[in-house]
Structures are given as structure tokens and as C-alpha cells.
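Owing to the predicted nature of the structure, the values given are computational and were not obtained by experimental measurement.
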Amino acid sequence: MTPHFLTFQLSIPLIFLLCTTTIAQPAPAPAPGPPLPTNITKILEKASQYTTLIRLYGITKVGDQINTQLNNSQQGMTVLAPPDSAFSSLAPGVLNSLNDQQKDELVKFHVIPTFISTSQFQTLSNPLRTQAGDSTYYNFPLNITTNGTSVNLTTGVVNATLQNTIYTDGQLAVYQVDKVLLPMSLFGPQPPAAAPAPEPEKKKKKKKAGDDDTPATDSTASSSVDLRLGLHGLMGGLIGFIATFYL
């Protein structure tokens with residue numbers, strides 16, 4: 001057997017091994033694409049049991065507003081999400097009794113325009129301002145109290161509890177609450193009516209010297225008439241007396 005033939009026979013298995021090794025190598029993984037935009041509706045759909053809240057997001061367009069704000073700014077947000085069971089516990093017809101603006105205010109009352117982690121609830125200042133606006137007593141106040149790891153929320157109408165974390169990414173936090181947060185402005189007592197303003201005092205005329213504020217009585221008027229009649233009679237008698245000297 002010639003050396004060249006032996007070399008050829010030995011090289012065939014080596015070539016086959018190299019080809020097999022090259023084919024067996026996996027293709028490199030594709031580079032990760034950009035992160036998908038945050039979508040509050042999809043987050044709640046994945047968590048399930050939030051169909052009523054999702055429907056209100058669609059009616060009021062608050063869901064779109066949350067997504068736009070999160071994806072076009074660095075401002076964080078916190079969403080308080082009541083499940084369907086919380087809406088079912090409301091009195092019949094409550095949601096249907098609200099007009100579009102009131103539904104918008106109700107949904108925005110469950111949105112806080114800052115990111116709040118679970119540990120930050122212990123250091124918040126009350127009342128907490130929500131997307132609904134004015135946080136004064138008769139409008140949209142939301143107060144937070146903590147007891148260890150328990151977080152309680154008070155609106156002036158209902159007391160609710162933070163139950164668990166649905167989603168958090170450092171910019172958006174979504175927490176489940178056990179009750180629908182009913183704001184004072186829509187479901188609480190109305191502020192008392194303001195007292196009427198006092199009428200301005202009328203300016204008093206300055207009194208002249210000798211003026212008497214006491215009104216004249218009937219007896220005073222009668223005395224004046226008698227005095228005038230007496231003087232008239234006296235003058236008539238005097239004239240008659242003088243006339244006798246010339247006659």
C-alpha cells in the first residue's frame with residue numbers, strides 16, 4: 001500500500017468529523033429587540049379578574065392616558081386596581097348612576113402620578129394626591145396608614161386594604177385593593193352652605209347742633225299750636241288797645 005493512499009484513507013474520517021462538528025453548532029441567538037411599550041390593559045388582562053376596571057379604562061380613555069404618560073415621559077405611576085369582586089359588592093346601579101365625567105373622576109382616583117414601592121407607603125404624607133385632582137376633604141382626599149407590612153387606604157367614605165402586587169418595573173406599580181375607592185366628591189356628604197355675607201351698614205347722616213333724634217309726639221305738636229294761637233291773640237289785643245287812644 002502506497003503512503004499516499006494510506007494518507008488519503010486517514011484523512012477521510014477526519015474530514016467527516018470536521019464537517020459534522022461544523023454542522024452541529026447552533027446558530028447564534030438573535031439580539032434582543034427593544035422592550036415592548038407598557039400597556040396597563042394587557043397587564044390587567046394577564047392578571048385576570050379585572051374586566052370591570054378594564055371596561056372603565058376603555059370608556060374613560062384613562063387606560064390610554066396611562067400608557068401614553070408611561071411611554072413618553074420618565075414620570076412613574078401607581079395604579080390601585082379593584083378586582084371584579086370589589087365592583088360586585090357595590091350597591092346595585094352605582095356605576096350606572098354616574099355620568100361620563102364622574103366615571104372619569106372615579107377611575108382617576110385610583111391612579112397616583114408617582115411610582116410608589118411597597119416600602120415607600122410607610123413614608124407618604126397625607127392626603128395623597130391622585131389623578132382625580134383636588135385632595136382637600138370634600139373633594140378627592142386619599143389617606144394612607146400602615147401597620148407593619150399592612151397598608152390601609154381611607155377615602156372618607158370607605159376603608160380599603162392593599163392586598164398584593166400585580167406588577168412592578170420601577171416605573172409602574174400596580175397593586176390590588178379589596179374595595180373600590182369611593183371619593184368624597186362623588187359619594188360623601190356635601191360641604192355645608194356658606195353663611196350669607198353681612199349687609200353693609202348704612203351711613204348715618206351727621207347731626208346738626210341742636211338736632212334731636214327723638215321724634216315729636218302729639219302733645220308737643222299740640223303745645224306748639226296753642227302757643228302760636230296765644231301769641232296771635234295777644235297781638236290782636238295790643239293793637240286794639242292802642243287804637244282807642246286815636247279815636
Hey, are the side chains of M77 and T114 touching, using non-hydrogen atoms and a 4.5 Å cut-off?
no
Approximate separation, where rounding is to 0.5 Å, of L181 CG and T155 OG1:
6.5 Å
Less than 4.5 Å apart, any side-chain heavy atom of L70 and any of I40?
no
Would you call K179 and S89 a side-chain contact if the rule is heavy atoms closer than 4.5 Å?
no
Begin with the C-alpha distance, continue with both residues' side-chain angles, and end with the deciding distance and a verdict on side-chain contact (heavy atoms from CB on, under 4.5 Å) for V157 and M184.
CA-CA 6 Å; V157 179; M184 288 281 289; 3.9 Å; yes
Please name the pair of heavy atoms, one in F115 and one in A173, separated by the smallest distance, quoted to 0.1 Å.
CE1-CB, 3.6 Å
Under 4.5 Å between side-chain heavy atoms, counting indirect links through other Ile/Leu/Val/Met/Phe/Trp/Tyr residues: same cluster for V62 and L172 or not?
yes
Where at least one partner belongs to residues 157-192, residue pairs that pass ring pair (Phe, Tyr, Trp, His ring centres under 6.0 Å), sequence neighbours excluded
F121-Y175
Given T154 and N159, is the side-chain hydrogen bond (donor to acceptor under 3.5 Å, both in side chains) satisfied, shown in steps?
CA-CA 5 Å; T154 303; N159 299 321; 3.2 Å; yes
First locate atom CD of E45, then atom OG1 of T51, and finally report the distance between them rounded to the nearest 0.5 Å.
10.5 Å
Look at atom CG of D100 and say whether more than 12 heavy atoms of other residues, nucleotides or ligands are closer to it than 6.0 Å.
no
Taking C-beta and beyond as the side chain, do L128 and F140 meet within less than 4.5 Å on heavy atoms?
no
Nearest heavy-atom neighbours spanning D178 and T161
OD1-N, 2.8 Å
pair T130-V111: side-chain heavy atoms closer than 4.5 Å:
no
side-chain contact (heavy atoms from CB on, under 4.5 Å) with N143: of S135, P127, S125, only one passes, and it is P127
Donor-acceptor contact below 3.5 Å, side chain S150 vs main chain T146:
no
Kindly compute the distance separating CG (N67) from CG (N72), expressed to the nearest 0.5 Å.
10.0 Å
Approximate separation, where rounding is to 0.5 Å, of T78 OG1 and Q131 CD
10.5 Å
Heavy-atom distance under 4.5 Å between the side chains of F109 and L80, does that happen here?
no
Any idea which heavy atoms bring Q65 and T60 closest together, and the distance?
NE2-O, 4.1 Å
Determine yes or no for a side-chain-to-main-chain donor-acceptor pair under 3.5 angstrom, with S97 supplying the side chain and V94 the backbone.
yes
State whether the side chain of Q176 and the backbone N or O of P82 hold a donor-acceptor pair below 3.5 Å, judged by distance alone.
no
Can you tell me if Q69 uses its side chain to pair, donor with acceptor, with the backbone of I66 under 3.5 Å?
no
Would a hydrophobic clustering, with Ile, Leu, Val, Met, Phe, Trp and Tyr connected at side-chain separations under 4.5 Å, put L162 with I43?
no
Is there any side chain to side chain donor-acceptor pair (under 3.5 Å) pair reaching into residues 115-124, and which pairs are they, with sequence neighbours excluded?
S117-S119, S117-Q120
Partners passing salt bridge (charged side-chain N to carboxylate O under 4.0 Å, His left out) against K103 (at least two apart in sequence or in another chain):
none
Do I116 and L153 share a hydrophobic cluster, counting only Ile, Leu, Val, Met, Phe, Trp and Tyr and linking them when any side-chain heavy atoms are less than 4.5 Å apart?
yes
What one should report as the nearest heavy-atom pair of P141 and T136 is CD-O, 3.3 Å
Going hydrophobic residue to hydrophobic residue with side-chain gaps under 4.5 angstrom, can you get from I112 over to V180?
no
dist N39:CG -> N71:CG (nearest 0.5 Å) comes out at 8.0 Å
At what distance, to the nearest 0.5 angstrom, does CG of L142 lie from NE2 of H110?
9.0 Å
For the residue pair Q102 and L106, establish whether any side-chain heavy-atom pair is separated by less than 4.5 Å.
no
Does some side-chain heavy atom of F87 sit less than 4.5 Å from a side-chain heavy atom of L56?
yes
Does a sphere of radius 6.0 Å around CG in N147 hold more than 12 heavy atoms from other residues, nucleotides or ligands, not counting ones at 6.0 Å or beyond?
no
Do side-chain atoms of N139 reach the backbone of S185 as a donor and acceptor pair under 3.5 angstrom?
no
If I compare all heavy atoms of Y138 with all of P189, which pair ends up nearest, and what's the gap?
CD2-O, 3.4 Å
Say whether L182 and V151 are linked into one hydrophobic cluster, either directly or through other cluster members, by side-chain heavy-atom distances under 4.5 angstrom.
no
Measure from the side-chain N and O atoms of N126 to the backbone N and O of I144, and report whether any donor-acceptor pair falls under 3.5 Å.
yes
Nearest non-hydrogen partners of L95 and R55, listed with the distance:
CD1-NH2, 4.5 Å
